[in-house]
Engineer: 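Provided herewith is a single structure, encoded as structure tokens, for subsequent inquiry.
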Amino acid sequence: MPITAHVARALGAALGYAPEHLPEIERALTEPPSLALGDLAFPCFQLARQLRAAPAKIAADLASRITADTLIERAVAQGPYVNLYLDRAAAARQVLGAIAGDPERYGSRNLGGGQVIVLDFSAPNIAKPFHFGHLRSTNIGADLARIFSFLGYRVVRKNYIGDWGTQFGFVIYAWQKWGDLHALRQRAIEYLVELYVRAYKESETDPGVREQARHLFLRLEQGDPDIAALWQQFRELSLAGFMRTYERLGIGFDSYEGEASVNHLVEAVIERFRRASVAVESEGALVVPVSDVLGRELAPMMLRKSDGASTYAARDCAEALDRFERYGFSANIYVVSRQEDHFAQVFAALGKLAEAEGWESRWPQTCENVSFGYVRGMSTRKGEAVWLEDVLDEARDRARRVREEKSAANPRAFPELPEEELERISESVGQAALLYFDVSSRRMSDITFDWDSVLQFEGNTGPYLQYCHARMCGIFRKAAAQGLATTGGPAPTPATLADEEWALVLVLRGFGAAVERAAEGREPHEISQYLHTLASAFNAFYNRHTVIDGAEPLTTGFRLELVGAAQAVLASGLRLLGIRSLELM
RNA sequence: GCGCCUGUAGCUCAACGGAUAGAGCACCGACCUUCUAAGUCGGGGGUUGCAGGUUCGAUUCCUGCCAGGCGCGCCA
């Protein structure tokens with residue numbers, strides 16, 4: 001039985017509660033602010049109301065009625081709280097046993113039961129750079145995908161490439177005017193971006209450019225073969241570039257079908273909206289009024305512009321309907337920044353369509369826009385974007401320099417490694433710094449790009465976690481050299497645990513809860529925060545105690561198991577964040 | 001004007017409605033003959049934007065202000 005359930009049962013017995021109230025008690029349990037005050041706490045405020053007595057009196061009474069057992073050492077009333085001290089050895093046995101039983105899956109749960117979650121993320125625009133700003137959707141989405149998988153959902157990773165729209169009019173306009181085949185072959189995306197920026201800048205002084213671009217896009221949508229061939233070529237070149245970046249980030253998708261792929265569905269869907277009388281004509285355009293659905297003042301959603309071209313919203317509706325038919329999702333999540341109104345319109349419009357057509361649907365409930373903060377200083381149009389590839393390169397190079405400095409200062413601690421191994425480590429450390437930085441704050445906070453904070457390797461950073469993992473591995477290398485257990489498997493537990501050992505056990509106990517918070521709040525930051533707490537607890541332990549030399553054999557055995565458990569959980573958490581665990585740094 | 005989001009230490013950020021609001025960076029001071037010092041320990045630093053309300057209890061929930069960001073039918 002899990003620790004909290006055991007404690008809830010003891011409290012329930014002391015209160016004379018029926019078993020069905022135990023989950024309530026379990027939920028009410030909190031952690032005291034410090035180890036000195038106990039390991040778990042039960043606040044008595046709610047009871048005070050029911051029993052019409054002072055919380056402190058109830059706490060005192062309750063504490064006196066709890067008897068020590070195999071897991072609970074003692075209960076002490078502290079003001080309105082009943083503070084429970086656990087038998088450290090018994091509790092450690094339980095936590096470490098659970099981890100050793102299945103290290104890879106510890107903390108996971110089959111919450112999803114195989115239900116499908118479609119996760120739409122990354123979605124870069126063709127002919128626009130994959131810059132640092134795109135990392136947010138890509139990284140948050142990939143993290144959520146791993147987290148949902150870990151919790152038993154079937155996740156469909158969808159990269160809805162931005163391969164359609166007036167922006168292509170701009171690129172094609174620029175290509176026809178200045179196009180240079182040689183430059184295109186040499187620098188593909190970079191060159192396409194230059195073309196786009198150049199055309200866009202021209203349109204700011206000459207409104208006719210925008211008109212021409214719009215017209216070129218209309219021709220594309222109407223199937224002009226020359227324009228379509230150009231578009232096809234641009235798309236392929238861009239996608240090839242994106243794939244290199246994804247590979248480097250270790251991220252893959254189940255589908256790369258973009259807006260263009262739903263093109264052939266759009267007309268039929270618009271027709272459905274019209275036939276169901278959900279869409280109405282307005283000022284020459286076709287719109288769906290949606291202000292009456294979600295209780296918000298939303299502008300009407302436009303399906304077709306007055307010039308006859310379909311809109312982004314129309315394609316999103318068509319794509320969502322197609323997605324629903326194909327995957328039968330239980331949740332449909334778009335990891336897209338700052339498009340709350342747009343998605344509210346789309347979900348509301350789909351809800352109205354389903355209602356008008358008389359089929360069961362809960363579009364506004366099953367669809368969700370997971371938004372995130374703005375990355376400052378990354379406008380493509382202003383040409384100030386920083387390419388993600390460049391950030392990755394710089395991160396890798398800095399990681400390499402840092403290691404060189406450290407190994408020069410302390411050669412004994414840093415073994416000579418082959419060049420390719422050094423390359424691999426530098427790449428991983430740099431990548432870790434980047435990926436962790438992105439989730440080191442809650443997703444809704446805005447981020448200001450700044451080389452020095454992104455490429456920080458000390459403190460609350462990805463490399464700090466990797467370093468901690470490498471230290472754990474170092475302990476096992478030493479153990480192996482002395483012929484000791486190298487896996488950290490089950491070992492006898494000493495009668496007493498030091499504070500640092502116990503604190504680490506308590507942190508390990510909380511991994512599953514952190515994963516579930518991350519899933520529920522669509523918030524990978526929960527994982528990064530948890531891992532930082534874990535690494536800090538480990539480093540505090542590491543600094544205070546030796547595992548191998550100078551410890552009793554019993555202690556060494558237990559500590560190896562503890563370190564093994566911590567290593568398994570740290571690696572597991574890093575995996576959820578897409579960060580590689582390193583044995584050496 | 002309307003909608004959404006955000007205001008917490010000098011900076012970047014935490015805190016299931018719970019105890020003395022915590023980390024990192026920066027600054028000051030300690031700690032490597034030891035399993036990697038990318039680390040650890042200690043120190044200074046706060047009217048949680050303002051004012052109300054709900055509650056035994058509010059950084060958290062509600063309302064109104066103030067400030068900032070983003071968006072608002074023919075960009076995507």
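Below, chains carry the letters A, B, ... as their sequence lines are ordered, and counting in each starts from 1. Note that the structure is a prediction, hence the values are computed from the model and not measured.
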Engineer: Any idea if B:C32 is syn or anti, going by the 90°-from-0 cut?
Structural biologist: syn
Engineer: On the nucleotide B:A38, are OP1 or OP2 found under 4.0 Å from the side-chain N or O atoms that A:Arg471 carries?
Structural biologist: no
Engineer: Compute the centroid of each ring, for A:Phe457 and then for A:Tyr464, and state whether the two points are separated by less than 6.0 Å.
Structural biologist: no
Engineer: Between A:Tyr160 and B:A76, is there a contact of a side-chain N or O with OP1 or OP2 at under 4.0 Å?
Structural biologist: no
Engineer: Rounding to a whole Å, what distance do you find between A:His545:NE2 and B:C35:C1'?
Structural biologist: 14 Å
Engineer: Give the rounded distance in Å between these two atoms: CG of A:Leu534 and C1' of B:G24.
Structural biologist: 17 Å
Engineer: Calculate the interatomic distance between A:Arg544 atom CZ and B:G42 atom P; express it in whole Å.
Structural biologist: 12 Å
Engineer: Whether A:Arg49 contacts B:C56 is assessed here as follows: a side-chain N or O lying under 4.0 Å from the phosphate OP1 or OP2. Is that the case?
Structural biologist: yes
Engineer: Watson-Crick or G-U wobble partner for B:A58, using a 3.5 Å limit on both distances?
Structural biologist: none
Engineer: Is the ring of A:Trp164 stacked on the base of B:A76, with centres less than 5.5 Å apart and planes under 30° off?
Structural biologist: no
Engineer: Measuring only the C1' atom in each nucleotide, how far is B:U60 from B:G49? A whole number of Å is fine.
Structural biologist: 16 Å
Engineer: With both distances under 3.5 Å as the test, what is the Watson-Crick or G-U wobble partner of B:C65?
Structural biologist: B:G49
Engineer: Using OP1 and OP2 only, check whether a side-chain N or O of A:Tyr464 sits under 4.0 Å from B:U40.
Structural biologist: yes
Engineer: Send over the distance from A:Asn460 CG to B:A23 P, rounded to a whole Å.
Structural biologist: 12 Å
Engineer: Got a salt bridge between A:Asp39 and A:Arg509, using NZ or NE/NH1/NH2 to carboxylate O under 4.0 Å?
Structural biologist: no
Engineer: State the pairing partner of B:C41; accept Watson-Crick or G-U wobble contacts with both distances under 3.5 Å, and report none otherwise.
Structural biologist: B:G29
Engineer: Give A:Arg442 one of three labels, base, sugar-phosphate or nothing, depending on what nucleic acid heavy atoms sit under 4.0 Å from its own.
Structural biologist: sugar-phosphate
Engineer: Between B:A19 and B:U59, how far apart are the P atoms? Round to whole Å, please.
Structural biologist: 10 Å
Engineer: Should the pair A:Arg580-A:Glu427 be classified as a salt bridge under the 4.0 Å nitrogen-to-oxygen rule?
Structural biologist: no
Engineer: Please determine, for B:U12, whether a Watson-Crick or G-U wobble partner exists with both distances under 3.5 Å, and give it or none.
Structural biologist: B:A23
Engineer: Roughly how many Å is it from CG in A:Leu47 to C1' in B:G57, rounded to a whole number?
Structural biologist: 15 Å
Engineer: Would you indicate whether A:Glu520, at its atom CD, is surrounded by more than 12 heavy atoms from other residues, nucleotides or ligands within a distance under 6.0 Å?
Structural biologist: no
Engineer: Take the protein atom CE of A:Met444 and the nucleotide atom C1' of B:G7, then report the distance between them rounded to whole Å.
Structural biologist: 13 Å
Engineer: Grab the CZ-P distance between A:Arg580 and B:A38 for me, whole Å please.
Structural biologist: 21 Å
Engineer: Could you tell me how far apart A:Asp446 (CG) and B:U6 (P) are, to the nearest whole angstrom?
Structural biologist: 10 Å
Engineer: Counting only heavy atoms from other residues, nucleotides and ligands, does the tally under 6.0 Å from CD of A:Glu281 exceed 12?
Structural biologist: yes
Engineer: Could you tell me how far B:G44 sits from B:C4 if I compare only their C1' atoms? Round to whole Å.
Structural biologist: 40 Å
Engineer: Look at A:Thr166 and B:A76 and indicate whether a side-chain polar atom (N or O) is within less than 4.0 Å of OP1 or OP2.
Structural biologist: yes
Engineer: Please measure how far the C1' atom in B:A21 lies from the corresponding atom in B:G39, and state the result in whole Å.
Structural biologist: 27 Å
Engineer: Quote, to the nearest angstrom, the C1' distance that separates B:G24 from B:A15.
Structural biologist: 15 Å
Engineer: May I ask you to decide whether A:Asp120 forms a salt bridge with A:Lys158, counting only side-chain N to carboxylate O separations under 4.0 Å?
Structural biologist: no
Engineer: So, A:Glu267 and A:Arg304, do they make that salt bridge, N to O below 4.0 Å?
Structural biologist: yes
Engineer: Hey, which sits more toward the 5' end of RNA chain B by its nearest nucleotide, A:Ala285 or A:Val402?
Structural biologist: A:Val402
Engineer: C1' atom, B:G45 versus B:G3: distance in rounded Å?
Structural biologist: 39 Å
Engineer: Specify the residue among A:Phe414 and A:Ser536 whose closest nucleotide of RNA chain B lies further upstream toward the 5′ end.
Structural biologist: A:Phe414
Engineer: Under 3.5 Å, is there any donor-acceptor pair linking the side chain of A:Asn83 to the base of B:A19?
Structural biologist: yes
Engineer: Report the base-pairing partner of B:G71 (Watson-Crick or G-U wobble, both distances below 3.5 angstrom), or none.
Structural biologist: B:C2
Engineer: Using atom P of each nucleotide, how far apart are B:C25 and B:C66 to the nearest Å?
Structural biologist: 39 Å
Engineer: Does a nitrogen or oxygen in the side chain of A:Arg412 sit under 4.0 Å from OP1 or OP2 of B:U34?
Structural biologist: yes
Engineer: Is the distance from OP1 or OP2 of B:A38 to the nearest side-chain N or O of A:Arg398 less than 4.0 Å?
Structural biologist: no
Engineer: With both distances under 3.5 Å as the test, what is the Watson-Crick or G-U wobble partner of B:C35?
Structural biologist: none
Engineer: Verify the contact: side-chain N or O of A:Tyr312 to OP1 or OP2 of B:A76, cut-off strictly under 4.0 Å; return yes or no.
Structural biologist: no
Engineer: Less than 4.0 angstrom between a side-chain N/O of A:Lys305 and OP1 or OP2 of B:A76, yes or no?
Structural biologist: yes
